[in-house]
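One structure is given below, encoded as structure tokens.
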Amino acid sequence: MAADLERSIVERLDGVDLRYTTGRRAIVEGLGRAKGPVTLPELLALVPELAQSSAYRNLALMEEAGVVRRLVHGNDHARYELAEALTDHHHHLICESCGVVRDVRLDARVERTLDKTFDEVAAAEGFTVGRHAIDVYGLCADCNT
Ligand SMILES: [Zn+2]
Ligand SMILES: [Zn+2]
């Protein structure tokens, strides 16, 4: 894992008086290896040495610390990924049949257009934009066949 990512994680955990324990490191590495946001059972399958109870608790603590982002789409189980501030800005493709979620990156030019558009519609309502999140729903390759 990149040293600067590691340093950012340690700083964030330190900010809420948490140590970067072996268990937390294993979670971060599992999330880093996943192809997209994962449910707790998927994370446990990726990192078999994790115990379910401590993994769940550590995910919640790391969410508070800003290391992990928790996503909830409809009735699906919560999914977890590394916080965008630690990785990069992206969007999600969500399968409405099986619930799988994939990360997608848009062209920088498209993101600038989106930001400009959101700034305009928000300003009309007296809002200031902090960030945007866009989810795209449909069927994944497996469910589409
Ligand atoms: Zn699917
Ligand atoms: Zn975006």
Side-chain angles (χ1 to χ4, degrees), residues 1-16 18 20 24-145:
M1 186 176 307
D4 51 344
L5 173 60
E6 185 120 350
R7 200 175 329 108
S8 306
I9 292 170
V10 171
E11 275 171 18
R12 277 159 193 258
L13 291 174
D14 200 50
V16 290
L18 291 176
Y20 197 25
R24 290 170 191 153
R25 191 178 301 263
I27 289 174
V28 165
E29 282 167 3
L31 293 177
R33 269 208 310 276
K35 289 200 196 83
V38 288
T39 61
L40 181 55
E42 288 169 352
L43 180 62
L44 295 173
L46 276 173
V47 192
E49 67 266 30
L50 286 178
Q52 174 156 349
S53 56
S54 67
Y56 186 77
R57 182 174 151 73
N58 277 327
L59 282 167
L61 289 169
M62 288 199 288
E63 184 191 354
E64 272 176 56
V67 172
V68 166
R69 179 181 179 197
R70 181 173 179 269
L71 305 162
V72 181
H73 299 116
N75 297 325
D76 192 24
H77 291 292
R79 287 176 178 270
Y80 301 89
E81 66 180 7
L82 292 176
E84 270 197 337
L86 296 171
T87 55
D88 59 348
H89 176 63
H90 60 274
H91 298 282
H92 294 125
L93 298 178
I94 299 156
C95 178
E96 288 183 296
S97 175
C98 72
V100 75
V101 180
R102 287 284 179 263
D103 291 346
V104 281
R105 271 90 188 159
L106 301 184
D107 192 84
R109 195 170 42 84
V110 175
E111 287 288 351
R112 280 196 299 275
T113 304
L114 288 173
D115 281 336
K116 187 168 171 289
T117 306
F118 288 135
D119 279 343
E120 285 166 9
V121 295
E125 297 289 336
F127 268 66
T128 305
V129 176
R131 62 187 181 88
H132 71 250
I134 301 173
D135 296 331
V136 179
Y137 290 83
L139 291 175
C140 73
D142 288 342
C143 293
N144 221 352
T145 53

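Both counts, for ligands and for their atoms, begin at 1 and track the order of listing. As the structure is a prediction and not an experimental result, all values here were calculated from the model.
- Within 6.0 Å of CZ in Phe118 there are more than 12 heavy atoms belonging to other residues, nucleotides or ligands.
- Here the Zn ion (ligand 2) has protein N, O or S atoms under 2.8 Å from it, and they come to 5.
- Evaluation of the salt bridge (charged side-chain N to carboxylate O under 4.0 Å, His left out) test over residues 42-57, restricted to residues two or more places apart or in two chains, returns Glu42-Arg79.
- The pair Lys35-Asp103 fails the salt-bridge criterion, with no side-chain N (NZ, NE, NH1 or NH2) lying under 4.0 Å from an Asp/Glu carboxylate O.
- Among residue pairs with one or both ends in residues 63-75, those qualifying as salt bridge (charged side-chain N to carboxylate O under 4.0 Å, His left out) are Arg69-Glu81, Arg69-Glu84; sequence neighbours excluded.
- His89 and His132 are linked by a side-chain donor-acceptor pair at a separation below 3.5 angstrom, with hydrogens and angles left out of the test.
- Counting non-hydrogen atoms of neighbouring residues, nucleotides and ligands closer than 6.0 angstrom, the OH atom of Tyr137 exceeds 12 such neighbours.
- Considering Val68, Leu18, Val67 in turn, Val67 is the only one that fulfils the side chain to side chain contact (heavy atoms under 4.5 Å, CB included) rule with Arg12.
- Counting only distance, with no hydrogens or angles, the side chain of His90 and the backbone of Asp88 share a donor-acceptor pair below 3.5 Å.
- Salt bridge absent: Glu29 and Arg25 never bring a charged side-chain N and a carboxylate O closer than 4.0 Å.
- Note on the Zn ion (ligand 1): protein N/O/S atoms under 2.8 Å are Cys95 SG, Cys98 SG, Cys140 SG, Cys143 SG.
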